[in-house]
Amino acid sequence: MFAKAFRVKSNTAIKGSDRRKLRADVTTAFPTLGTDQVSALVPGKEELNTVKLYAHRGDAVTVYVCGGNPILFELEKNLYPTVYTLWSYPDLLPTFTTWPLVLEKLVGGADLMLPGLMVPPAGLPQVQKGDLCAIALVGNRAPVAVGVAAMSTAEMLTSGLKGRGFSVLHTYRDHLWRSGDKSSPPSLAPLALDPPDLNEEKGSVLADPALQQDVRRLTLEGEDEASGEVQQRMCGEKSLSEASEDPGVRGLNPDPTDSKTLQEQMDELLQRCFLHTLKCQVKKADLPLLTSTLLGSHMFSCCPEGRQLDVKKSSYKKLSKFLQQMQQEQIIQVEELSRGVESIVAVDWKHPRKGSVLEGAEVRMIIINYAKKNDLVDADNKNLVKLDPILCDCILEKNEQHTVMKLPWDSLLTRCLERLQPAYQVTFPGQEPIMKKGKICPIDITLAQRASNKKVTVVRNLEAYGLDPYSVAAVLQQRCQASTTVAPAPGAKDGLQVQIQGNQVHHLSRLLLEDYQLPRKHIQGLEKAPKPGKKK
């Protein structure tokens with residue numbers, strides 16, 4: 001509402017009777033405030049002004065200003081607190097949490113979409129559609145925006161956290177905030193979890209004495225590092241939220257098309273989000289980085305749409321154990337810079353990060369989703385994609401960096417696939433799949449002329465398809481009634497080739513295609529079979 005400049009109609013000192021009425025309206029609108037708090041918010045003697053203005057869309061708004069700062073605004077007979085007021089009374093409204101990067105969108109006038117929410121360990125606040133809510137950022141309880149819920153909490157969970165969640169009316173850094181002293185949000189540590197919700201039956205995280213000490217330290221001293229450690233443990237040792245156990249949301253965690261167990265899927269998702277964070281978000285200047293910040297401010301936001309990262313459902317159970325594994329693989333270095341608080345102090349940016357496998361269809365879907373999510377599809381020509389800095393670094397040559405601004409979809413996808421190292425997977429009945437780098441070589445059938453002017457058929461690369469050259473030679477010897485030999489294949493390390501006397505391509509074709517049921521595209525040389533009526 002205040003994303004753009006507004007027009008002031010009048011600015012007058014409030015009358016005594018209007019001051020009393022405003023105090024009564026505040027008590028009615030915000031019943032959680034005590035009498036002393038209402039008196040502090042709407043003081044009896046300090047200067048209090050009423051400012052009538054028109055927002056850039058034409059809405060008539062009344063703003064109440066105290067001590068130079070707007071404290072309340074009234075729209076269509078509804079009273080709303082400003083961020084200045086919420087910084088003094090952070091628990092005045094149900095507060096939802098989003099990521100720091102989302103704030104720019106809100107300041108620009110965007111509403112808050114549900115995929116942008118961070119679900120805390122205690123679950124989302126319970127609200128109904130139309131309820132007034134506050135919006136804060138991860139790691140700081142001080143609200144940065146005021147909005148109205150577009151649906152109830154139950155509807156949010158049933159929707160799978162998709163769609164518009166809140167109509168945003170006012171934000172930190174908008175023009176209403178600028179009309180005050182332009183102070184920044186205070187640093188308010190997140191609240192400790194409610195003891196009744198942390199009993200032993202529900203998997204209490206405060207049963208850990210070290211965590212109890214951290215919470216106590218947080219409450220008494222307000223240490224930033226302690227709050228970071230508390231957040232890390234709450235995220236790492238407790239389910240993302242009670243909402244994830246709701247039937248309408250539970251399906252967001254596993255991929256129903258994946259045959260792996262939930263734990264295996266969560267392990268892969270955890271590593272994927274971790275590596276994506278190091279690749280795309282964390283810079284050298286960010287180090288040392290609190291491990292809690294790594295998880296809360298980066299890894300959660302890297303989670304693919306429709307999935308929820310829950311460290312407890314992985315085989316690691318705790319973030320610290322996962323990071324220990326990453327340290328053993330020499331990807332990162334973790335140190336305890338202060339008592340009980342771990343930080344990432346070094347990252348091996350050139351680490352090969354082996355083991356991640358993507359199919360061509362997955363790569364295409366990732367690129368398409370990335371382009372759409374970041375609004376890179378050209379508005380005038382949907383067949384073109386604008387190249388942001390990340391895509392430029394990934395697919396353009398150095399001499400193209402400043403000249404190529406857009407690419408067609410097919411060219412973009414082709415370039416991305418060309419940058420990836422090829423690999424293939426072969427699965428044999430009753431065995432674990434075998435993954436190998438490079439392109440799989442086809443079974444090669446050739447004809448050769450020997451000194452005796454006799455033709456021989458030579459077959460190579462049988463081993464790549466799980467075929468034993470000696471077994472194949474024995475079968476062919478019986479079917480072709482011809483001598484066979486097995487010898488090392490020239491130029492192939494540890495490779496063997498089968499040699500059969502005469503042109504036996506026809507027998508090989510039936511054996512490979514019909515008996516072994518190999519795809520024809522993986523066999524080359526079948527066209528060398530003798531024509532009907534010709535001698536072998």
Side-chain angles (χ1 to χ4, degrees), residues 255 257-260 264-265 267-268 271-272 275 329 351-368 394-395 410-448 456-477 479-480 484-500 503-529:
D255 182 351
T257 63
D258 198 329
S259 60
K260 300 183 182 70
E264 291 172 337
Q265 290 185 49
D267 284 353
E268 292 181 358
Q271 186 173 54
R272 176 179 175 182
L275 294 177
E329 295 181 15
H351 194 283
R353 296 173 192 167
K354 303 175 181 178
S356 298
V357 179
L358 291 173
E359 295 182 359
E362 292 180 287
V363 176
R364 291 185 180 90
M365 188 55 63
I366 290 171
I367 297 300
I368 291 172
C394 290
I395 65 176
D410 55 352
S411 178
L412 174 65
L413 296 172
T414 300
R415 287 186 181 222
C416 289
L417 289 171
E418 288 174 348
R419 292 296 193 276
L420 300 179
Q421 184 179 13
Y424 65 91
Q425 177 177 290
V426 182
T427 305
F428 305 114
Q431 300 181 28
E432 288 292 323
I434 299 174
M435 181 69 65
K436 292 187 178 181
K437 294 180 182 178
K439 295 182 178 179
I440 187 169
C441 296
I443 293 177
D444 182 47
I445 303 173
T446 58
L447 295 177
V456 293
T457 305
V458 181
V459 191
R460 300 184 180 92
N461 302 330
L462 292 168
E463 300 94 329
Y465 298 85
L467 301 176
D468 176 29
Y470 291 97
S471 300
V472 172
V475 173
L476 289 172
Q477 183 179 24
R479 290 191 179 184
C480 304
T484 60
T485 58
V486 179
K493 183 180 179 181
D494 301 328
L496 299 174
Q497 67 179 26
V498 177
Q499 179 177 300
I500 316 105
N503 186 337
Q504 308 297 347
V505 178
H506 179 68
H507 287 289
L508 264 171
S509 175
R510 293 185 59 185
L511 178 66
L512 298 176
L513 296 177
E514 298 177 14
D515 292 20
Y516 296 143
Q517 297 184 353
L518 295 177
R520 182 179 288 271
K521 65 179 181 180
H522 292 304
I523 306 171
Q524 65 181 20
L526 293 177
E527 72 282 355
K528 298 181 176 68

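Separating the CG atom in Leu476 from the OG1 atom in Thr457 is a distance of 9.0 Å, to the nearest 0.5 Å. Rounding to the nearest 0.5 Å places SG of Cys441 at 9.0 Å from CD of Gln524. Rounded to the nearest 0.5 Å, atoms OH (Tyr516) and CG (Leu508) are 10.0 Å apart. The distance from atom CD1 of Ile368 to atom CG of Leu413, rounded to the nearest 0.5 Å, is 5.5 Å. Interatomic distance, CG of Leu513 versus CD1 of Ile523, reported as 4.5 Å (0.5 Å rounding).
With a 4.5 Å cut-off on side-chain heavy atoms, Val472 and Val486 do not count as touching. Residues Leu420 and Cys416 form no side-chain contact, since every pair of their non-hydrogen atoms from C-beta on lies 4.5 Å or further apart. Proximity of Leu512 to Ile445: side-chain heavy atoms (C-beta onward) are separated by under 4.5 Å at one or more points. In this structure the side chain of Lys521 never reaches within 4.5 angstrom of the side chain of Pro442, judged on heavy atoms. Between His507 and Leu511, every side-chain heavy-atom pair lies at or beyond the 4.5 Å cut-off. Residues Glu527 and Val505 fail the side-chain proximity criterion, which asks for heavy atoms closer than 4.5 Å.
Counting all heavy atoms, side chain and backbone alike, Leu496 lies closest to Pro469 at CB-CG, 4.0 Å.
Judged as a side-chain hydrogen bond (donor to acceptor under 3.5 Å, both in side chains), and not counting sequence neighbours, the contacts of Arg479 are Asp515. By the side-chain hydrogen bond (donor to acceptor under 3.5 Å, both in side chains) test, Gln499 is found to be paired with Arg450, residues two or more places apart in sequence or in another chain being considered. For His522, the ring-ring contact (aromatic ring centres under 6.0 Å, His included) criterion is met by Tyr465, not counting sequence neighbours. Applying the side-chain hydrogen bond (donor to acceptor under 3.5 Å, both in side chains) rule to Asp267 yields the partners Ser315; only residues at least two apart in sequence or on another chain are considered.
Sequence neighbours left out, the pairs with a member in residues 456-472 that pass salt bridge (charged side-chain N to carboxylate O under 4.0 Å, His left out) are Asp444-Arg460. Residue pairs meeting the side chain to side chain donor-acceptor pair (under 3.5 Å) criterion with at least one member in residues 410-422, sequence neighbours excluded: Glu397-Arg419, Glu400-Arg415.
The backbone N or O of Gln477 lies less than 3.5 Å from no partner atom in the side chain of Thr484, so there is not a single donor-acceptor pair.
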